[in-house]
Amino acid sequence: MDKMIAGRIRISAQGNDLYGFINALHGSSVKCSGQYVKKDIFRADIRRSDLKEAETIAVDYGITLTCTEYETFSLKMRRYRKRFGIIFGVLLVIISSLYFSNVVVSIEINGNSRVSDQAILAALEELDIKKGTPISRINFHYCENELRVMVQGVSWAAIRHTGNRIVVDVTEIVEKPETEMKRIPCNIISSKSAEITYTSVFDGMLMHKVGDYVPAGTLLVTGVITDDTGHSTLHHAMGEIRGIYEETLTFTDSYTINEQTSTGEKKTKRRLCLFSLEIPLYLGKNGFDSYESEKTESYLKIFGKRLPIGIEKEKLTETKLRQQTLTKEQLSERLMEKIYLYEKNFLSDKKILNRKITEENSSESLTYTVTYQLEGEIGVQKEIYIK
């Protein structure tokens, strides 16, 4: 162990007066270990600090002295003594480890669904629980009680820490469900001119059967029910009525369009992210009137844990509004994309039985008229007005 830590050197000595050299070495302050003589060569381990004295004695006795230093910790330190980056890095790691083990680095919230994380984090910040706060300064019991008062909708809260991570467990107030004491009397009428394909009535009386064709506005389920004695009662008609109907839509676009296109000019902005602070590492403004932005982040890590120190890089690409003339194929592709988005957003709850597209082309624009044959819900509730 001494050889691995302290500076130790292996010497080899040979010459005519070898034993005179050995006796003189033993009589000096040089401490030898592991010494032996083999084939008129004396070998021993000495301290690095004794090498100069051993070399002086070797000269006096005409001895040839060679030495080899062991690979020790002190040797490595001497090799890297002028590499200040390594020294700075080691110091930075030590200081960072000591610092980040005693301050809040991350906050985790569990148990909330209606109350937002932002509302809880804002309340915690008022209680001085935020990234960078020394953990020793936090009064957990006091903050738990205050958090319940400050955040509406939280009935219970517990705050704890695991290392430099704050964990907040909350339980939300269970609100009493709203009960409808009285349903408003209503009918179900047809919103489309359609052929009925499916009926399911939960309350009220069905007026048409499957296979009937009904114009828009037709009464499908009545909420006014009369018994055999002639007594009428009002109901809140409920049910599902599906049917097949047609719907026509028009999609138009011009051959000449104005689009934001890249000019090729690019700039990069960097910011130092220190906890919640963003410190600009650039000067001036980008000078672009319009641009596209792409952000990437790179944070420091120690022992696999992300530290709240990093660099945010934002790449800016200048764009300008330019007029562009499309071909018919390009314009057709744009219109088909609009049709696809419409179907995805507005017809997802309906079944498309048939789709017919007619084209109208002019020198300035292209128009697609789409006629759908759909199957879907056609019944809508309509209130019964009582005098």
Side-chain angles (χ1 to χ4, degrees), residues 1-103 105-106 132 134-136 162-165 268 270-275 279 281 296-313:
M1 180 61 72
D2 181 55
K3 293 179 182 178
M4 296 304 296
I5 298 175
R8 301 291 289 181
I9 293 177
R10 185 70 167 171
I11 61 172
S12 297
Q14 58 182 348
N16 295 329
D17 195 3
L18 182 61
Y19 287 96
F21 167 75
I22 295 172
N23 293 330
L25 198 64
H26 289 167
S28 68
S29 61
V30 177
K31 292 184 179 180
C32 300
S33 62
Q35 52 190 323
Y36 64 91
V37 177
K38 185 177 181 181
K39 296 181 180 180
D40 296 329
I41 299 176
F42 171 72
R43 292 184 174 88
D45 294 335
I46 65 172
R47 293 176 301 188
R48 190 176 186 282
S49 57
D50 293 335
L51 178 61
K52 199 168 201 180
E53 186 175 353
E55 288 176 338
T56 302
I57 296 172
V59 171
D60 293 341
Y61 287 86
I63 297 297
T64 302
L65 189 67
T66 58
C67 59
T68 304
E69 187 167 1
Y70 287 102
E71 190 71 20
T72 62
F73 178 75
S74 61
L75 175 61
K76 291 182 179 179
M77 291 299 293
R78 288 197 305 275
R79 285 178 182 171
Y80 298 124
R81 67 184 184 279
K82 294 185 178 180
R83 297 189 181 182
F84 301 107
I86 295 176
I87 298 173
F88 177 76
V90 170
L91 291 175
L92 180 62
V93 168
I94 295 172
I95 294 171
S96 299
S97 300
L98 292 173
Y99 176 74
F100 290 117
S101 62
N102 292 289
V103 300
V105 173
S106 63
I135 294 175
S136 59
T162 55
N164 54 20
R165 181 170 62 104
T268 301
R270 291 179 175 83
R271 299 177 183 87
L272 174 62
C273 300
L274 185 61
F275 293 98
I279 305 171
L281 301 179
T296 56
E297 295 177 341
S298 177
Y299 282 86
L300 292 177
K301 289 184 178 181
I302 292 183
F303 309 121
K305 291 188 177 181
R306 177 175 141 166
L307 303 178
I309 299 177
I311 298 293
E312 179 188 88
K313 185 187 294 184

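Reckoned from all heavy atoms, side chains included, excluding hydrogens, waters and symmetry mates.
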Mind checking whether [X] and [Y] have side chains closer than 4.5 Å, heavy atoms only?
| X | Y | answer |
| --- | --- | --- |
| Ile135 | Val103 | no |
| Cys32 | Leu25 | yes |
| Leu18 | Val37 | yes |
| Arg270 | Glu312 | no |
| Arg43 | Gln35 | no |

Determine whether Lys313 and Ser298 satisfy the following criterion, side-chain contact (heavy atoms from CB on, under 4.5 Å), listing intermediate values before the conclusion. CA-CA 8 Å; Lys313 185 187 294 184; Ser298 177; over 6 Å; no

Check the pair Leu281 / Ile311 against side-chain contact (heavy atoms from CB on, under 4.5 Å), numbers first and verdict last.
-> CA-CA 9 Å; Leu281 301 179; Ile311 298 293; 3.8 Å; yes

For this session: Given side-chain contact (heavy atoms from CB on, under 4.5 Å), test Arg271 with Glu297 step by step and report yes or no.
Result: CA-CA 10 Å; Arg271 299 177 183 87; Glu297 295 177 341; over 6 Å; no

Atom of [X], atom of [Y] and distance for their closest heavy-atom approach:
| X | Y | result |
| --- | --- | --- |
| Arg10 | Gly34 | NH1-O, 3.0 Å |
| Cys273 | Tyr299 | CB-OH, 3.8 Å |
| Ala58 | Leu65 | CB-CB, 4.1 Å |
| Ser29 | Glu53 | OG-OE1, 2.8 Å |
| Phe21 | Ala13 | CE2-CB, 3.6 Å |

One should read off an interatomic distance between Ile11 CD1 and Cys67 SG, to the nearest 0.5 angstrom, of 8.5 Å

d(Ile63 CD1, Ile57 CD1) to nearest 0.5 Å is 11.0 Å

Exercise. Taking it one step at a time, do Ser12 and Phe42 satisfy side-chain contact (heavy atoms from CB on, under 4.5 Å)?
Worked result: CA-CA 6 Å; Ser12 297; Phe42 171 72; over 6 Å; no

Is the backbone N or O of Ile46 less than 3.5 Å from a side-chain atom of Asp50, with the two atoms forming a donor-acceptor pair by type?
no

